[in-house]
Protein chains: 2
Amino acid sequence: MAQDKKKISREAIDAHLALGGKIEIKSKAPVKSRSDLNIFYTPGVGAVSAYLAKHRGKTRDFTIKNNTVAIVSDGSAVLGLGNIGAEGAIPVMEGKAMIYKEFAGVNAFPIVLATQDVEEIIKTVKNISPVFGGIQLEDISAPRCFEIESRLVELLDIPVMHDDQHGTAIAVLAALINAISVVGKNLAKVKIVIIGAGAAGSGIARLLVAYGIGNILVCDSKGLISNRRDDLDANKVDLARITNPGNLIGGLEEAVLGADVLIGVSTGGKITGEMIASMATKPVVFAMANPDPEILPNEAIASGAYIAASGRSDFENQINNLLVFPGVFKGALGNKVSKITTSMKIEAAVKLASLVKKPSRHEILPSPFDKRVVGAVASAIRS
Amino acid sequence: MAQDKKKISREAIDAHLALGGKIEIKSKAPVKSRSDLNIFYTPGVGAVSAYLAKHRGKTRDFTIKNNTVAIVSDGSAVLGLGNIGAEGAIPVMEGKAMIYKEFAGVNAFPIVLATQDVEEIIKTVKNISPVFGGIQLEDISAPRCFEIESRLVELLDIPVMHDDQHGTAIAVLAALINAISVVGKNLAKVKIVIIGAGAAGSGIARLLVAYGIGNILVCDSKGLISNRRDDLDANKVDLARITNPGNLIGGLEEAVLGADVLIGVSTGGKITGEMIASMATKPVVFAMANPDPEILPNEAIASGAYIAASGRSDFENQINNLLVFPGVFKGALGNKVSKITTSMKIEAAVKLASLVKKPSRHEILPSPFDKRVVGAVASAIRS
């Protein structure tokens, strides 16, 4: 099923060069006559501007704020490529903007930042927020992403979501609900090991805990996160508090012993056949580093995984936030939601999972092309 | 010719409410299959991102930076409505974005700012600049606009232009070249009075001086700008240096006596019939405050003006930067110009004027719907 990655890379380079930008801005009405100018430009637009100056709360009714999201990245954690900077981030953000429009009818514009300073990012996003109905933070490295998101959620009256944390977490929870039903285990009792304590790993751990899963272990590059370690930052201290109930210490190999589910969301991490062999029966392996997963799905299956998934479009069982973010912001905008809560995220995951009527090893999530996906997720994002 | 302004206002309110945003973001390619995702999203996009991370100078070839301008306003000087804030500015900026696409094929996105602090504006624009190929500053009040523009021109490697200064100035110079030929006077020797020393008035004065017009007087709300006044800010000190060769003092009425051309770019200023009656033969009156000109063109004619113009779309002789900005940035982007110089602006005005083969009292500028306008202006913006 997977095509040759080198071939895809060459095709992608050629296609991007041919398009010179994957999105464009279009006028929703023609401007063909003086009377069009009278209405949309001067003098008519003055009446609309004067009205909004006095009724700021009506901005959405008259402007693109109604249906427009900023996709904001500082290029510090792009895909699994790491800190490649603003310019390198643009093609990814444009790709998300394509998906927003094609899948959900939402306008999204990529904003990539020439700064990686937390305070400057917060100020910049706040300063440009008036024209946007929502802010999707994207590919911003941990632990900076946590403070940036929580401060912006507090500062702004529009929904703000860091996709790498919550979009990924919602997709993983949905996949997990179906995968565990396929292997016939009890989700409340399974042992789950998460490799990576960055944005995705942290977001996944928090959402799974909120869903009621008790036995979660998170590993960073130094091993198991536990409150017996003294090298943890504030985010990891919190992870240690809510995961690892046995307060274990050790490396990834020890953590994985007897695990039911292994979730890779690391940068440059590897999952070996030996690790999979050491797991419990019917191992479930989500290797989600992008574009190079910790283990390719076919290799995971060859090593004994019962269900294997990745984030990529060229394998079955794609667990990718593209299943989630278009619906989350379509729902938030349509239902005039100003904060996206944990219970909305859980409901979105449950609704997403429920779209697969008979989950199997080969199908734990709906296809992103399933027309029901966006509506199901959007319906969960309501007050 | 002019329609009832109240009727236009009502129609504009209705049309804006019906559209809910005048522009939209579209995908330039369909996303219908996994192979589309492979190319435009993951994994293919990773190859493009990795390439750009190493070759930042190639960003334009692969992304929307190629053909995308930010229209940035802080809402501090919107039309003639004054400091109405970010939300009120959105419909104007969206209108400009419509015009950019419909007239010039350029993508433009409105960025309205939740700050009016000069340093924060400069930082914010710099921070969001990587995805844009140019920055059009719009409706930012004087004298803040001068520092913001000049600092950004210096900081960024993409073209930055404050439209209210330079777009307006280019349109006025073009209109003036043809108007003075219609009245049969010598442009180098005419006396020109500019009412308003804000962004537009300052930009116009500087461009006319650069073009070689010697006798220009600029009035602010306190009268003639002269170096005999001690209440001038840095911008007006500079205007006093380059205009008012006789170093006159006095009010607007005195300044206008015997003038050949009267140019209104004030906020809330008025031009009276008495003023026009006191001008030289065949008076030329450009009353360009928007949406309410200093005197309506038909009233100016009734008071003896030989040529009357305004900025509005519903009168003949529209002098509006909509004739200019789409071509300026189309040229700057297409010709890879990183700074827009004074000589480019003069050439743009000359080319714009030359499109009217036989100028008359009723036609001193081409229509904005003249398909040659954008190309003529764009061809002047080259290194």
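Everything quoted here is computed from the prediction, not taken from an experiment.
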Option in [options] with maximal non-hydrogen atom pairs under 4.5 Å from chain A:
options	result
B/Ser49, B/Ala53, B/Pro110, B/Gly95	B/Ser49
B/Lys101, B/Met98, B/Lys54, B/Glu120	B/Met98
B/Val106, B/Val92, B/Ile84	B/Ile84
B/Leu52, B/Thr115, B/Leu113, B/Val112	B/Val112
B/Asp292, B/Ile90, B/Val125	B/Ile90

Let's test your reading of the structure: which of [options] forms the most heavy-atom pairs below 4.5 Å with chain B?
options	result
A/Ser33, A/Ala50, A/Ala18	A/Ser33
A/Leu79, A/Asn67, A/Asp14, A/Asn320	A/Asn320
A/Ser27, A/Gly75, A/Pro368, A/Ala47	A/Ser27
A/Arg60, A/Lys96, A/Arg10, A/Met93	A/Lys96
A/Gly44, A/Gly46, A/Pro43, A/Ala86	A/Pro43

Check whether [X] gets within reach of chain B through its side chain, its backbone, both or neither, counting any heavy atom under 4.5 Å.
X	answer
A/Asn66	side chain
A/Lys32	both
A/Leu17	both

Below 4.5 Å from any heavy atom of chain A, which atoms of [X] appear? Answer side chain, backbone, both or neither.
X	value
B/Thr68	side chain
B/Ile128	both
B/Glu24	both
B/Phe62	both
B/Ile121	neither
B/Gln318	side chain
B/Lys28	both
B/Thr63	both
B/Ala108	backbone
B/Phe40	both
B/Lys58	neither

Check the side chains of [Y] and [X] for a donor-acceptor pair under 3.5 angstrom, ignoring hydrogens and angles.
X	Y	result
A/Ser76	A/Asp74	yes
B/Asn38	A/Glu11	no
A/Lys330	A/Tyr100	no

Any non-hydrogen side-chain atom of [X] less than 4.5 Å from a side-chain atom of [Y]?
X	Y	answer
A/Ile111	A/Ile71	no
A/Arg56	A/Pro130	no
B/Ile122	B/Leu152	yes
A/Val265	A/Asp164	no

Quick one: pull up CD in A/Glu94 and NZ in B/Lys65 and give me the separation to the nearest 0.5 Å.
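It comes to 11.5 Å.
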Evaluate the side-chain contact (heavy atoms from CB on, under 4.5 Å) criterion for residues A/Leu365 and A/Val373: first the C-alpha distance (whole Å), next the side-chain angles of each, then the deciding distance (0.1 Å), finally the verdict.
CA-CA 10 Å; A/Leu365 282 178; A/Val373 164; over 6 Å; no
What do the steps show when you test A/Lys22 against B/Ile64 for side-chain contact (heavy atoms from CB on, under 4.5 Å), and what is the final call?
CA-CA 7 Å; A/Lys22 295 184 283 192; B/Ile64 57 167; over 6 Å; no
Ring geometry between A/Phe109 and B/Phe132 (parallel below 30°, tilted from 30 to 60°, perpendicular above 60°)
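Parallel, since the angle between the ring planes stays under 30°.
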Between A/Glu119 and A/Lys123, is there a salt bridge with N-O shorter than 4.0 Å?
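Not counted as a salt bridge, because no side-chain N and carboxylate O are separated by less than 4.0 Å.
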State plainly whether the residues B/Asp4 and B/Lys6 are in salt-bridge range, i.e. N to O under 4.0 Å.
no
Could you go step by step and tell me if B/Asn290 and B/Arg312 meet the side-chain contact (heavy atoms from CB on, under 4.5 Å) rule?
CA-CA 7 Å; B/Asn290 248 328; B/Arg312 277 181 33 182; 3.4 Å; yes
